[in-house]
Amino acid sequence: MIHLKAFLLDALESATTGGRRYHLWMGGLTLVMLIGAYGYWVQLRDGLEVTGMDDHVSWGLYISNFAFLVGLAAAAMLVVLPAYVLKDVDFGRAVLLAEGVAVSALLMCLAFVVVDLGNPLASWHLIPFIGILNWPQSLLAWDVVVLNGYLLINLAIPAYLLYSHYVGRQPDKRKYVPWIYVAVLWAVSIHLVTAFLFAGLPARPFWHNALLGPRFLASAFAAGPAFMILLLWFIRSQTEYPIEEGIFSKLAMITAVAAQVNLVMLASEVFTEFYFPTHHMLSAQYLFFGLEGHSALVPWIWTAVTLNVAATLVLTIHPLRRNPRWLMGACLVLFVAIWVEKGMGLVIPGFIPSPLGEIVEYSVTWVELAVTAGIWAMGLFVLTVLVRVALPIELGRVRSPHLERVAGD
Amino acid sequence: MRPCSNGFVRTGSALAVVLPGLLLLWGCGQELYEVEEAPDLAEEALDEAPPPLELAGVPTATVQRFTGPGGEAFEVTLRTPGRTSHLHARIGPESYPLPLRTGQVALSSYPCASCHAGLTVSSQAPREAHDDIRPTHPSESGHLCTTCHVADSVERLVLLSGDEVALDHAYRLCAQCHSSETRSWAAGVHGKRLEGWHGRRVVLNCADCHDPHTPTLEQRIPYPGPRIPRRAGPEP
Amino acid sequence: MSESREMTFEDVLEYVGRRESEAKLEAVTTTPSPRRPEGSCGSGSCGCAGEAPPEPQGELLEKQVDRRQALGMLFGAAAVTTQAASACSPASLVAEEEREAKLLEWQEYFKGNFQRMTRDEKDATIGRLERLAQLRQGVEVAIDSTEALPGVVYGYAFNISKCTGFRNCVDACIKENNLDRRTAAQYIRIFEMEGGEVDLDHGDATFQHEVPAEGHFYMGTQCFQCANPPCVEVCPVSATWQEPDGITVVDYDWCIGCRYCIAACPYWARRFNWSEPHVPAEELNPNQHYLGNRARKDGVVEKCTYCIQRTRQGRLPACAEACPTGARVFGNLLDPNSEIRWVLENKQVFRLKEELHTEPRFWYFMD
């Protein structure tokens with residue numbers, strides 16, 4: 001018990017101490033979060049009317065971000081998978097960070113769902129036994145279950161590892177390795193379930209195809225490691241945390257393959273939609289070329305596709321991929337491209353045209369932008385805190401003061 | 001715009017000609033009494049959507065020769081269409097001293113002759129009270145008033161076979177040409193049923209909706225359509 | 001079969017009506033006394049200090065309550081008693097009503113899903129909602145909770161050769177169902193279509209010229225009350241379900257506003273309240289049903305219920321009654337002698353998007 005108290009105090013201290021740049025960063029994030037909170041307050045006061053959504057486009061920026069971030073959370077497991085299942089030591093150091101990314105991404109997912117609810121005070125209706133969780137009929141109920149379960153697992157494993165290290169114990173493999181296997185399978189499931197949430201709707205032909213799930217996975221497995229590369233690179237350049245060079249090439253390889261697969265799937269979707277155009281391709285037509293004079297998403301998707309192709313090319317060409325500068329640039333570009341493609345490019349065109357053929361376009365409002373920025377800031381804030389707490393423990397700098405002997409292993 | 005009541009006014013005014021004399025009187029009496037109680041009733045009625053279709057107090061007659069779904073008998077209403085009948089179109093809403101013999105006759109089944117006894121329908125163009133009739137139906141030329149009306153009675157119609165039917169059963173006249181419509185009407189699929197979807201089946205007569213002399217509904221401006229996208233509009 | 005034959009429709013109505021009126025009576029006794037005249041709380045002496053807080057707590061506590069309700073009432077009661085001390089002032093009546101409304105809203109927050117409520121719970125919430133309408137909007141409403149009639153499944157047929165696009169149905173629907181006037185909510189869409197194809201994509205719902213227009217026909221859509229409704233499947237909290245008479249309803253107070261059902265509906269039949277819906281008190285239809293046209297709130301989904309508040313009383317839906325052309329046929333699909341059955345047996349009918357296997361209970365036909 002005394003260990004736990006000291007652990008929490010030390011964690012608090014780690015998170016609240018740092019240099020000027022650290023405080024500026026955290027202060028900036030806090031400011032953005034406050035702006036987001038103000039936006040959400042306006043939304044609560046006036047209703048979702050203050051967003052750009054309406055009866056036609058009934059999901060917008062929030063759910064787009066949700067779909068993207070589920071992928072990010074799932075992709076963190078890509079790093080864990082080789083570390084534990086394939087026993088690749090290179091990845092070992094990155095695992096805790098990956099789980100931190102997963103936790104932050106999941107918190108953002110949940111936040112995006114909550115801000116999207118029209119009646120958030122009634123969200124207790126989702127809790128089984130007190131409320132009614134329509135499981136297994138509703139895919140949204142599935143999502144609630146798998147996301148929360150994944151969050152718990154991804155909180156529990158790193159907490160156990162860190163705490164063990166903190167108190168100078170070797171973590172018991174029998175206790176945590178089975179959970180890692182569970183988590184790996186679970187990671188795939190959270191993303192598939194989220195894809196099925198869309199793909200299970202015959203009302204929306206744009207989503208109602210079997211490729212949606214695999215495409216979700218492929219894009220997530222490209223965007224996730226891309227983000228990890230950026231994060232690890234940042235940590236390696238800013239801290240003494242030892243991250244082997246090899247991990248970058250391995251992660252870059254994963255990113256490259258996933259990005260290629262993603263492009264192949266995109267191409268096959270585009271082919272089936274446009275080779276013999278049917279009614280069901282109207283959404284795709286809207287997205288890529290505009291429909292009856294409505295073309296708000298066209299510049300977005302072409303930017304995304306261009307960036308996607310460019311980044312994939314860079315990642316595919318060995319000399320470029322091995323050059324850190326090119327690699328970092330490509331990862332950043334890929335991350336943004338997939339965010340646009342999967343967010344704006346997947347969720348919104350599903351609603352255009354409406355099932356009755358009416359075309360209403362969607363444009364975000366400042367409230368949505370503020371809330372979205374606030375949630376991203378919250379995710380980065382949480383990630384920063386988690387990294388800040390984890391690194392000193394992993395480096396052996398912070399150990400429980402109640403230990404008999406100073407940890408030296 | 002009051003899209004719906006126009007039809008009623010017009011149908012009503014036409015009926016005033018079709019059912020000359022007493023029908024006019026009957027409607028007038030009804031209307032005048034109501035008008036006296038609430039002088040702006042006509043205005044209100046014009047503003048309102050169609051009056052609620054309620055059965056209470058409306059005289060009915062069992063339909064002859066036709067049966068509803070399942071071969072069940074049904075009834076036809078004998079009300080005059082709409083509350084703002086032909087009379088308002090002709091004489092306006094003000095009180096008009098007509099010798100309505102209420103209490104002497106049951107005001108149902110269009111008993112025109114109880115007042116206008118002895119009146120006849122001319123075979124020529126309508127005169128006097130009915131000079132506003134511009135028959136366009138049936139469209140073929142050569143039809144006279146007496147093609148459908150019995151010449152020496154204001155209460156009876158004549159079929160092509162020479163058989164006579166009362167105004168109550170005017171649908172039989174229509175059925176001579178419009179057989180499929182009448183079949184649908186008997187089935188409850190053309191026209192309208194009074195009150196609810198359940199129980200005793202009472203339907204409107206043909207002339208309740210269609211002016212027999214110009215039966216096609218007129219074009220009109222519809223009620224407001226949707227706001228796309230649905231956003232708060234200007235304050236009304 | 002023989003059992004449902006024995007019980008006639010009138011019997012059912014009478015039975016239901018009796019239960020309703022009993023329920024109303026009970027609800028009235030459990031709700032606090034109605035608004036008293038202004039100033040009955042003496043200005044000099046503190047006449048109202050000892051007045052009991054609103055009654056429902058005591059009354060309700062005698063009934064069976066589950067944990068959730070008990071919790072709600074406990075907090076609510078606490079809230080009331082803490083405020084009771086400051087109750088005596090000229091404005092105390094207003095304050096008292098405000099407190100009563102707050103308490104009722106608090107209790108409403110903890111109520112369950114309508115599907116799982118006992119009769120007592122239903123009556124209690126209806127009593128609260130009626131009282132709240134009085135306190136908050138100053139309107140007297142009667143909220144009905146008539147259950148589905150035995151042996152009845154509603155069906156609808158729409159004659160596309162008769163509809164002329166007058167939109168009387170749209171207007172009647174707005175008024176009957178207390179649809180939000182501020183954002184002009186409409187359940188019904190009438191599409192003006194050119195001859196030659198039945199393709200809603202090429203239809204126009206915004207026409208505002210003289211109708212019927214030459215060379216066009218008109219096709220109405222609304223909720224089709226699918227026998228296999230995708231919207232019901234996807235609801236994560238079972239806030240929407242299909243009643244035994246085939247009507248898919250929403251429990252507005254259980255809905256969390258995720259809008260998954262809107263995404264799932266292939267007929268775009270559901271509407272969301274993007275803001276607090278507004279109906280002027282003088283235009284409010286006070287004859288309401290819990291699952292039908294009662295007041296909705298900000299952030300929840302609503303939809304056409306075939307006018308459940310009317311049809312369960314044997315009346316026609318407002319749209320069918322208002323239609324001046326007779327294009328709308330409504331009735332009981334289980335009654336072989338109903339008009340709707342006649343249409344299905346004697347006309348060539350079709351439904352929208354049949355390939356989706358949603359089995360709409362809404363057919364189109366032509367003369």
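Per chain, numbering begins at 1; letters A, B, ... match sequence-line order.
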Going by an N to O cut-off under 4.0 Å, is there a salt bridge joining R296(C) and D180(C)?
no
Ring centre gap for F207(C) and Y218(C) strictly below 6.0 Å
yes
Which region of S275(C), side chain (C-beta onward) or backbone (N, CA, C, O), has a non-hydrogen atom less than 4.5 Å from a non-hydrogen atom of chain A, or is it both or neither?
both
In terms of heavy-atom proximity below 4.5 Å to chain C, should P353(A) be classed as side chain, backbone, both, or neither?
neither
Most chain C-contacting option - heavy-atom pairs closer than 4.5 Å, from L201(A), I63(A), L282(A)
L201(A)
Which portion of Y109(C) sits near chain A, non-hydrogen atoms under 4.5 angstrom:
both
So what's closer than 4.5 Å to chain C heavy atoms on H208(A): side chain, backbone, both or neither?
neither
Let me know if S58(A) has heavy atoms under 4.5 Å from chain C in its side chain, its backbone, both or neither.
both
Distance in Å, F191(C) CZ paired with I160(C) CD1, rounded so as to fall on 0.5 Å steps
13.5 Å
Highest number of heavy-atom pairs under 4.5 Å with chain A: which of A239(C), C265(C), A185(C), P230(C)?
C265(C)
Any heavy-atom pair between the side chains of W268(C) and D55(A) that's under 4.5 Å?
yes
What orientation do F114(C) and W241(C) show, parallel under 30°, tilted 30 to 60°, or perpendicular over 60°?
parallel
So for D46(A), is it side chain, backbone, both, or neither that comes closer than 4.5 Å to the heavy atoms of chain C?
backbone
Electrostatic pair K111(C):E108(C) at N-O distance under 4.0 angstrom:
yes
With a 4.5 Å heavy-atom cut-off, do T372(A) and F112(A) have their side chains touching?
yes
Residues two or more places apart in sequence or in another chain: which of them pass salt bridge (charged side-chain N to carboxylate O under 4.0 Å, His left out) with K353(C)?
none
Check the orientation of F272(C) and W274(C). Use parallel for under 30°, tilted for 30 to 60°, and perpendicular for over 60°.
perpendicular
With chain C, which of G357(A), G47(A), P120(A), G118(A) has the greatest number of heavy-atom pairs at distances under 4.5 Å?
G118(A)
What part of L197(A) lies closer than 4.5 angstrom to a heavy atom of chain C: side chain, backbone, both or neither?
both
Check whether any side-chain heavy atom of D298(C) sits under 4.5 Å from a side-chain heavy atom of E49(A), and report yes or no.
no
Chain A contact via T183(C) - side chain, backbone, both or neither, heavy atoms under 4.5 Å:
side chain
Can you confirm whether or not the ring centre of Y306(C) sits under 6.0 Å from the ring centre of Y156(C)?
yes
Tell me whether the guanidinium CZ or amine NZ of K342(A) lies under 6.0 angstrom from the six-membered ring centre of F216(A) and within 45° of its axis.
yes
With a 4.5 angstrom heavy-atom cut-off, is it the side chain or the backbone of I262(C) that approaches chain A, or both, or neither?
both
Checked F351(A), W207(A), W59(A), F198(A) vs chain C; the most non-hydrogen pairs under 4.5 Å come from W59(A)
Would you indicate whether the side-chain heavy atoms of Q115(C) and D251(C) approach each other to under 4.5 Å?
no
Count the heavy-atom pairs under 4.5 Å between each of L200(C), D253(C), V237(C) and chain A, then report the option with the highest count.
V237(C)
Ordered numerically, the heavy-atom neighbours of chain C under 4.5 Å found in residues 132-142 of chain A are I132(A), L133(A), N134(A), Q137(A), S138(A), L139(A), L140(A), A141(A)
Turns out that what part of V301(C) lies under 4.5 Å from chain A's heavy atoms comes down to neither
Less than 6.0 Å separating the ring centroids of Y286(A) and F288(A)?
no
From the list P236(C), G257(C), P266(C), the residue making the most non-hydrogen contacts under 4.5 Å with chain A is P236(C)
